[in-house]
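The block underneath contains the structure these notes are about, expressed in C-alpha cells.
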Amino acid sequence: MAMRKGSEILADELKLNGAEIIYHVPGESFLCALDALGVRYPEIRAISCRHENGAAQMAEAYGKLTGRPGIAFVTRSPGATNAVNAVHTAYQDSSPMILIVGQVKRALMEREAFMAYDFRTMFAPMTKWVAQIDDPRRIPEFVQRAYHTAMTGRMGPVVLVVPEDVFEEECEVTPGKPSVPASAGEPSDEAVEQVFAMLSAAQRPLLIVGGSGWTEGARDDIQAFALASNVPVVTTFRRRDIIDHRLPCYVGEIGIGSNPALLAHVKDADFVIMCNDALSDVNTIGAGYMEGFTLFDIPVPRQKFVHVTRSFDELNRVFQVDLALLADNDAFARRLAGHAPVDHAARGDWTAALRETFEIETTPRSCPGEIDLPQLMKWLRQRLPEDAIVTNGVGAYATWSQRYFAHYRLHTQLGPISGSMGYSLPAAISAKLLHPERVVVDFVGDGCYQMSSEELATAVQYGAAVIVVLFNNNMYGTIRIHEENRLEGRVNGTQLVNPDFHALALAYGAHAERVTRTEEFAPAFERCLASGKPALIEMCVDQEAIHSRYSLTDLRNRRKAKH
C-alpha cells in the first residue's frame with residue numbers, strides 16, 4: 001500500500017462512494033482536502049459558495065433529489081455554526097447529507113483555540129451521527145459509516161469533524177468499499193393480507209404518501225395500486241411531486257396551509273395507510289395554521305390505521321396504530337401493486353368526492369392587485385416541461401405555488417419541511433448543477449430571498465441558469481398574518497424596506513426583469529429563458545395578496561367579526 005495523506009484518503013473514499021459535487025466555502029482547516037480532490041478527481045465538481053448555509057442547503061437539496069448524501073465542506077466555527085440551519089433542515093426533512101467540518105489541529109484541542117468548538121456536542125441533537133476523526137487510518141471506516149447512516153432507515157444528516165493535521169498526516173490504510181444502505185426488508189405475506197383485509201372492509205379508505213428516497217418504481221407501484229383499488233391518495237407537506245396530479249386518485253396535500261375541505265375528509269376516513277413518512281406534527285395538522293397532532297385522535301386514532309416506514313423509531317411514536325410495519329418503501333409499494341385489487345364499487349363516490357374537492361381547490365380564484373397569481377401559476381404549469389424542477393422557501397407567498405402549481409413527475413419539487421427561510425435559491429442552484437438540461441424555477445419571497453440572495457453570485461459563477469421568481473410585497477408575510485390574528489393588527493418589524501432587486505441582480509451579472517401586471521409576466525419569463533443565464537423576475541405583489549386563501553382585509557374583517 002502507498003502512503004497517503006488523510007486528505008487523499010478522504011478524496012479516495014468520497015470518489016469510491018460516488019460523490020460528484022462538493023459544496024463548500026473554502027477554509028484554512030480543509031484546504032488540503034479540496035486540493036486532493038482537485039488533483040486526484042477533477043471530475044468531482046467543487047462549488048465555492050458565498051455562505052456556509054447556502055453550501056449546506058445545496059448539499060441537502062442534492063440529497064432530496066438523488067437519495068444519495070449531498071456533501072458539504074465547511075471550516076471550523078463560525079463556518080460550522082453557519083451551516084447549522086441546513087443540517088436541521090436535512091434532519092427534519094429526512095434528507096441524506098454529510099457535512100465535513102475542518103477542525104483545529106489535535107494539539108490545540110481543549111484549549112479554546114481560535115475558532116475551535118466542540119462540534120460533537122453542538123450537532124448531536126440534529127444529526128443521525130456526529131463524530132470526530134482523530135486518526136487518518138480510520139477515515140475509510142468513518143466515511144463508510146457516514147454513508148450507511150445517512151441513507152439507512154429514516155434518511156438524514158451526518159457530521160464528520162476532521163482536525164487540520166489529520167488531513168495532512170500520512171499513513172498506510174486499506175481502502176473501503178462503496179456503502180450500500182441496509183434494507184428494512186419486505187412486509188410479510190400475513191401483514192400484506194391484513195392490509196388488504198382492512199381495505200376490503202373500509203368504505204372511506206385513504207392512502208397518505210410522503211418522506212424521502214422515492215424511486216420511479218415505487219411511485220409507479222403506488223399509483224397502480226391506488227388506481228386499481230380506487231383509493232384516494234394524499235401527499236404529505238411539500239412532497240406533492242410523489243403522485244401525478246392528473247390522476248383521478250390524487251386528492252391533495254396535508255400539512256401547513258392545507259385545504260380545510262380535504263382535512264374534513266381525512267378526519268372522516270375509516271381506514272388510513274401512512275406510507276414512508278412520519279406521523280409528525282406537520283403531517284397531522286387538523287385545522288388552522290399550526291395545530292399539529294389534531295388530524296387523528298391521540299393515542300389511538302379513530303380510524304383503522306396502518307403505518308409503514310423504514311424507521312423503527314417512527315412506529316407507534318405518538319399514535320398507536322393497528323398495524324406498524326417496518327419495511328422498505330419499494331418493497332411495500334411492490335406488494336400493494338402485485339396484490340389482486342379489492343372490490344371498490346361501493347366507494348366510488350368517496351374517491352370522486354375527494355377528487356372534486358381537489359379540483360375546486362385548484363381552480364383559479366380572484367387575486368388582489370395587478371398580478372393574478374393563480375393564473376400565473378397555471379400559465380407556468382402549461383409552459384414548463386413536465387420535468388421542470390420548482391423550489392420554494394418559507395413564507396405565505398409559497399401558498400400560491402403549493403395550491404396552484406401542479407406536479408406530474410417525481411423529484412420536481414424542493415421545499416423545506418423544516419421551515420427554513422433562505423432555502424429555495426441554494427436548492428435551485430443545486431438542482432440546476434445536477435440537471436443542467438432541465439428548467440429550474442425558484443419561487444421566493446422578498447424576506448426569504450434576502451437570507452441567501454448572495455448565492456446568485458454562485459449561480460452566475462458556475463452558469464447555473466436558474467430562474468428566480470421573486471414575490472416582492474415588502475413584508476414578512478407569514479409573521480404579518482400572525483400579527484393580524486394575534487396582535488389585533490399591530491405591526492412589529494414585518495414591514496420591509498427592500499433594495500432594488502432588479503438592479504442588484506444585474507450587478508451580480510444575472511438577467512433581470514421587473515413585472516407589475518399579469519400580462520407582463522409571460523414575455524419576461526421567455527426573455528429569462530432565452531438569456532441562458534441565471535435570471536430574476538421581480539414581481540411587485542400587492543400586500544393584499546398575502547395568502548392564497550385570504551387577503552389582509554379578510555383577516556382584519558375576521559378579527560372585527562370576533563369582537
Side-chain angles (χ1 to χ4, degrees), residues 60-70 89-97 150-157 180-187 206-227 231-247 249-255 273-280 282-283 306-311 314 325-338 386-392 402 406-418 427 430-431 434-435 438:
E60 189 278 345
Y62 178 97
K64 265 198 180 88
L65 284 173
T66 67
R68 299 282 299 176
T89 298
Y91 189 72
Q92 288 215 320
D93 288 42
S94 305
S95 301
M97 170 184 169
M151 291 188 293
T152 297
R154 178 183 169 182
M155 296 181 179
V180 178
S183 171
E186 294 210 11
L206 192 69
L207 172 61
I208 303 176
V209 297
S212 57
W214 280 86
T215 64
E216 293 288 351
R219 186 204 204 207
D220 290 344
D221 286 338
I222 281 291
Q223 292 181 160
F225 158 73
L227 290 170
V231 178
V233 187
V234 172
T235 49
T236 58
F237 185 54
R238 289 187 172 149
R239 306 293 193 185
R240 299 168 68 242
D241 57 339
I242 294 174
I243 302 295
D244 187 336
H245 292 198
R246 295 168 294 192
L247 296 179
C249 61
Y250 181 68
V251 298
E253 172 194 40
I254 56 174
I273 304 173
M274 170 63 103
C275 180
N276 197 51
D277 209 344
L279 285 162
S280 63
V282 171
N283 289 334
V306 174
H307 188 192
V308 188
T309 175
R310 292 170 296 181
S311 173
E314 298 298 333
L325 286 179
L326 183 70
D328 283 336
N329 190 43
D330 284 56
F332 181 69
R334 185 168 56 248
R335 295 298 300 274
L336 290 182
E386 288 190 8
D387 68 349
I389 298 171
V390 170
T391 73
N392 63 267
Q402 286 289 116
H407 290 270
Y408 304 147
R409 298 272 296 273
L410 185 63
H411 299 144
T412 57
Q413 179 184 29
L414 289 173
I417 297 168
S418 67
S430 180
L434 185 62
H435 296 292
R438 294 167 67 175

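Starting from 1, each residue takes its place in the sequence as its number.
Contact of the Cys249 side chain with the Gln223 side chain is not registered, since no non-hydrogen atoms from C-beta on lie closer than 4.5 Å. Using a 4.5 Å heavy-atom cutoff, the side chains of Val308 and Met274 are not in contact. Contact of the Leu206 side chain with the Val234 side chain is registered, since non-hydrogen atoms from C-beta on lie closer than 4.5 Å. Here the side chains of Pro187 and Arg335 are in contact, with some heavy-atom distance below 4.5 Å.
Taking the side chain to side chain donor-acceptor pair (under 3.5 Å) definition, one finds that Glu314 meets it with Arg154, Arg317, sequence neighbours left out. Residues meeting the side chain to side chain donor-acceptor pair (under 3.5 Å) test with Asp277, sequence neighbours left out: Thr236, Asn283. For His411, there are no ring-ring contact (aromatic ring centres under 6.0 Å, His included) partners two or more places apart in sequence or in a different chain. Contacts of Arg334 classified as salt bridge (charged side-chain N to carboxylate O under 4.0 Å, His left out), with partners at least two apart in sequence or in another chain: Glu186. Applying the side chain to side chain donor-acceptor pair (under 3.5 Å) rule to Thr89 yields the partners Ser418; only residues at least two apart in sequence or on another chain are considered.
With rounding to the nearest 0.5 Å, the separation of CG in Leu414 from CG in Asp93 is 10.0 Å. Rounding to the nearest 0.5 Å places CZ of Arg240 at 5.0 Å from CD of Gln402. Once rounded to the nearest 0.5 Å, the distance linking CD of Gln413 with OG1 of Thr235 reads 8.0 Å. Note: Lys64 NZ to Ile417 CD1 = 6.0 Å, rounded to the nearest 0.5 Å. Summarising the geometry, atom CD1 belonging to Ile254 is positioned 12.0 Å from atom CZ belonging to Arg239; distances are rounded to the nearest 0.5 Å. Within the model, atoms CG of Leu65 and OG of Ser430 stand 6.5 Å from one another, a figure rounded to the nearest 0.5 Å.
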- [ ] Check step by step if side-chain contact (heavy atoms from CB on, under 4.5 Å) holds for Phe332 and Leu325.
- [x] CA-CA 9 Å; Phe332 181 69; Leu325 286 179; 4.1 Å; yes
Open item on the list: Go through it in stages, so that I can follow the logic: the residues are Leu207 and Cys275, the test is side-chain contact (heavy atoms from CB on, under 4.5 Å), and I'd like the CA-CA distance, side-chain angles, deciding distance and then a yes or no.
Closed with: CA-CA 7 Å; Leu207 172 61; Cys275 180; 4.2 Å; yes
Open item on the list: Does Tyr62 form a side-chain hydrogen bond (donor to acceptor under 3.5 Å, both in side chains) with Ser95? I'd like the steps, not just the answer.
Closed with: CA-CA 9 Å; Tyr62 178 97; Ser95 301; over 6 Å; no
Task: Candidate pair Trp214 and Asp330, rule side-chain contact (heavy atoms from CB on, under 4.5 Å), full reasoning - done: CA-CA 8 Å; Trp214 280 86; Asp330 284 56; over 6 Å; no
Open item on the list: One pair to check against side-chain contact (heavy atoms from CB on, under 4.5 Å): Val233 and Val209. What are the steps and the verdict?
Closed with: CA-CA 7 Å; Val233 187; Val209 297; 3.9 Å; yes
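Within the structure, salt bridge (charged side-chain N to carboxylate O under 4.0 Å, His left out) contacts touching residues 209-226 (residues at least two apart or in different chains) do not occur.
Not a single donor-acceptor pair under 3.5 Å links the side chain of Arg68 to the backbone N or O of Gly63. The main-chain N or O of Asn329 is never found under 3.5 Å from a side-chain atom of Asn276 such that the two would form a donor-acceptor pair. Under the 3.5 Å distance criterion, the side-chain polar atoms of Arg310 are left unmatched by any main-chain donor or acceptor of Ala184.
Between Pro96 and Met151, the shortest heavy-atom distance links the atoms CB-CG, 4.4 Å. What you find for Val251 and Pro232 is that their closest heavy atoms are CG1-CB, 3.8 Å. When all heavy atoms of Arg238 and Gly415 are compared, the closest pair comes out as CD-C, 3.9 Å.
Between His245 and His407, the ring planes are perpendicular. Angles over 60° get that label, and only those under 30° would be called parallel.
Note on Arg409 versus Asp241: no salt bridge recorded, every NZ/NE/NH1/NH2 to OD/OE distance being 4.0 Å or above. A salt bridge links Arg246 with Glu386; the closest basic N to acidic carboxylate O contact falls under 4.0 Å.
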